[in-house]
Enquirer: 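The structure under discussion is supplied below as structure tokens; questions concerning it will follow.
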Amino acid sequence: MKSKVLFLSLLVVVVGDHPEPPAALRNGPPINPDEYSANYWINEAQTAIKKRSIRDHDVDVARNLVIFLGDGMSLQTIAAARILKGQRDGKTGEEAELYFESFPALGLVKTYCVNQQIPDSSCTATAYLCGVKGNYGTLGVTAAVKKSDCKSSVVEGNRVQSIADWALAAGKDVGIVTTTRVTHASPAGSYAKSASRNWEAYANRDVDSKDPVNCIDIAQQLVNSNPGKMFKVILGGGRNGFLPKTTLDEEGIYGKRQDGRNLIEEWRQDKIDRNVSYAYVWNRNELRSQFDTPPEYLLGLFENSHMKFNVEANQETEPTLTEMADIAIRMLSRNEKGFFLFVEGGRIDHAHHKNKAHIALDETLEFDKAVQMAGEKLPENDTLIVVTADHSHVMAFNGYSARGSSIVGISGQKDANNIPYMTLSYTTGRGARRQVSGVRTDITKEAKFGQLMWTFHAEVPLKNETHGGDDVAVFARGPHYRMFAGLYEQSQIPHIMAYASCIGPGLHAPGCNSATSPRFPLLLAAGTAISVCIHNFFGGRTIDDCNASIFVRITAVLIIIIIIL
Ligand SMILES: *[C@@H]1O[C@H](CO)[C@@H](O)[C@H](O)[C@H]1NC(C)=O
Ligand SMILES: *[C@@H]1O[C@H](CO)[C@@H](O)[C@H](O)[C@H]1NC(C)=O
Ligand SMILES: *[C@@H]1O[C@H](CO)[C@@H](O)[C@H](O)[C@H]1NC(C)=O
Ligand SMILES: [Zn+2]
């Protein structure tokens, strides 16, 4: 039994993880040094918002903010998933529509990071959650911090706040939901500041921060630091980063922490100390038992590492993304001031990295279901929903297939040697097959051809398929959705969300003052009274025409009310 467990945990270590490759060496023209500061990206966004807001006449305010992040959900992934959705319904498919494709605004964003043309999930998370671009592999810090440079990452001026910080400061509640480890790059962008995305759980002393006192691992930041410890809902995978390497989790797999800390216990203790209700759950039934009367704080860790692909998930133990997002919305909706929620379909990316196109599309459809649940639950006039991706992938949608051809099948055309090829194929990855005298192998003769987990073919042989550097889409619905149209820097996304929701240090939408206090209409009335008076006065009439005493009295009363309020 014990050796079986040991073997299982070894297996997890070997195949369960996909750290992104190191940043490439650079020998191009110098990078503009201004980009190393947070202000550069903040100003870039604020200037763009100011410009775009001229066409924004929306008076609603986004009380609630939800960002749905499809990790690696490229435009090709969206198009192919839409077709798969239609074909699963027995139709030709091309005419089908994903739920979020019906959103009224569509934009495109540039995903490059300061030192890298093609980014990873951590520098992009810093962009779409903190509004600042940083270096490849870093989280919540400016580009003044080089990857793995602990010292510069603790300098206050190099650390940036996230939209979760802004929401909490405005009295809103915050939650994160993901199918990856909750300490993985994308969700960690909402709460962690780390010179390396790999410092997840103090698991490997050689690789992790050499200074665990100053450069605290990401799991500990979630449990013991702000803003993570204030998050009302945390749901996903990643128990191993919370448990000591000598402790077995509920499913008989060891933790990976080398410091002996049990962060699930520390999370509980913090809630006890603060006298708030809480629950820790590890399986689907326990999560469901919280649906009707959820506690104030909920931590759910449903797998030792990442949650399983939807098609491989154990229905007994793993909830769906939709179920997790559902309970998160129930919990966060209790706050009258609203909430910020991050929901990630995190394994679209992992399926692509393995050239498993069918799985990537299935994960995208699961993601879309979660968006639909949220869209149907949350009113359009007070909830801004943004659906986007962090970066692209290199899956191509190619050939000249006939209408209604299986999107996960072969192209209607054959190659120059009369060998079939797939409508979806990759430029890089493990799916590269050996060619004999320049002739491709016939993939349709492979034993697993047509199965869900079958590996699609690739051109350049690589252990892991790579990200793509092309733009990704932003779909928006709700107050100020028009602000998301256009083509812009990915780091503008949280600034626009903050604008629509009247939070954060930047520009706020016109409706903000009137929505948050009665000052705005009163100020407007006082201003009108004064200007009417002045206009009449300089319009050549006498002070009597202006009826000065009445205007002065009205203005004085309004100003006193404003001061009292
Ligand atoms: C590629 O995938 C393998 C196996 O899944 C993994 O061990 C490795 O860390 C990955 N490498 C990179 C550079 O992503
Ligand atoms: C803890 O909270 C409960 C219910 O909210 C309250 O009745 C109790 O007085 C609190 N205890 C302390 C020590 O604050
Ligand atoms: C939003 O719309 C609903 C009805 O559709 C209405 O009851 C509610 O008052 C509206 N809320 C705001 C903030 O306008
Ligand atoms: Zn990736």
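Read the numbers this way: they start at 1 and go in the same order the structure lists the ligands and their atoms.
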Enquirer: Would you say atom 2 (O) of ligand 2 has a protein heavy atom nearer than 4.0 Å?
Expert: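 It does; a protein heavy atom is within 4.0 Å.
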Enquirer: In the protein, what heavy atom is nearest to atom 9 (O) of ligand 3, and what distance, to one decimal place, separates them?
Expert: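 Among all protein heavy atoms, the one nearest atom 9 (O) of ligand 3 is Asn381 ND2, 4.8 Å.
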Enquirer: Looking only at protein heavy atoms, identify the closest one to atom 6 (C) of ligand 2 and say how far it is in Å.
Expert: Asn275 ND2, 4.1 Å
Enquirer: Examine Asp382 against ligand 3 and note whether any of their N/O atoms are separated by less than 3.5 Å.
Expert: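 So ligand 3 has no N or O lying under 3.5 Å from an N or O of Asp382.
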Enquirer: Answer with yes or no whether the side chains of Ser162 and Ser190 bring together a donor and an acceptor at under 3.5 Å.
Expert: no
Enquirer: Answer yes or no as to whether an N/O/S atom of His353 is found below 2.8 Å from the Zn ion (ligand 4).
Expert: yes
Enquirer: For a distance under 2.8 Å, tell me if Asp349 has an N/O/S atom near the Zn ion (ligand 4).
Expert: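 Of the N, O and S atoms in Asp349, at least one lies under 2.8 Å from the Zn ion (ligand 4), which means yes.
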Enquirer: Asp71 and His391: side-chain hydrogen bond (donor to acceptor under 3.5 Å, both in side chains), yes or no, with the steps?
Expert: CA-CA 7 Å; Asp71 197 313; His391 54 72; 3.3 Å; yes
Enquirer: Would you say the Zn ion (ligand 4) has His467 as a near neighbour, meaning an N/O/S atom of that residue under 2.8 Å away?
Expert: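 An N, O or S atom of His467 is closer than 2.8 Å to the Zn ion (ligand 4), so yes.
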Enquirer: Checking side-chain polar atoms at under 3.5 Å, does Glu200 have a donor or acceptor matched by the opposite partner on His184?
Expert: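 No, His184 and Glu200 have no side-chain donor paired with an acceptor closer than 3.5 Å.
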Enquirer: Compare all side-chain heavy atoms of Glu459 with those of Tyr426 and state whether any distance is below 4.5 angstrom.
Expert: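 With C-beta onward as the side chain, the pair stays apart.
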Enquirer: So which heavy atom on Ser491 is nearest to which on His495, and how close?
Expert: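 Distance-wise, the nearest heavy atoms are O-CD2, 3.1 Å.
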Enquirer: For residues Leu298 and Ile327, report the shortest heavy-atom separation together with the two atoms involved.
Expert: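 The pair with the smallest heavy-atom distance is CD2-CD1, 4.0 Å.
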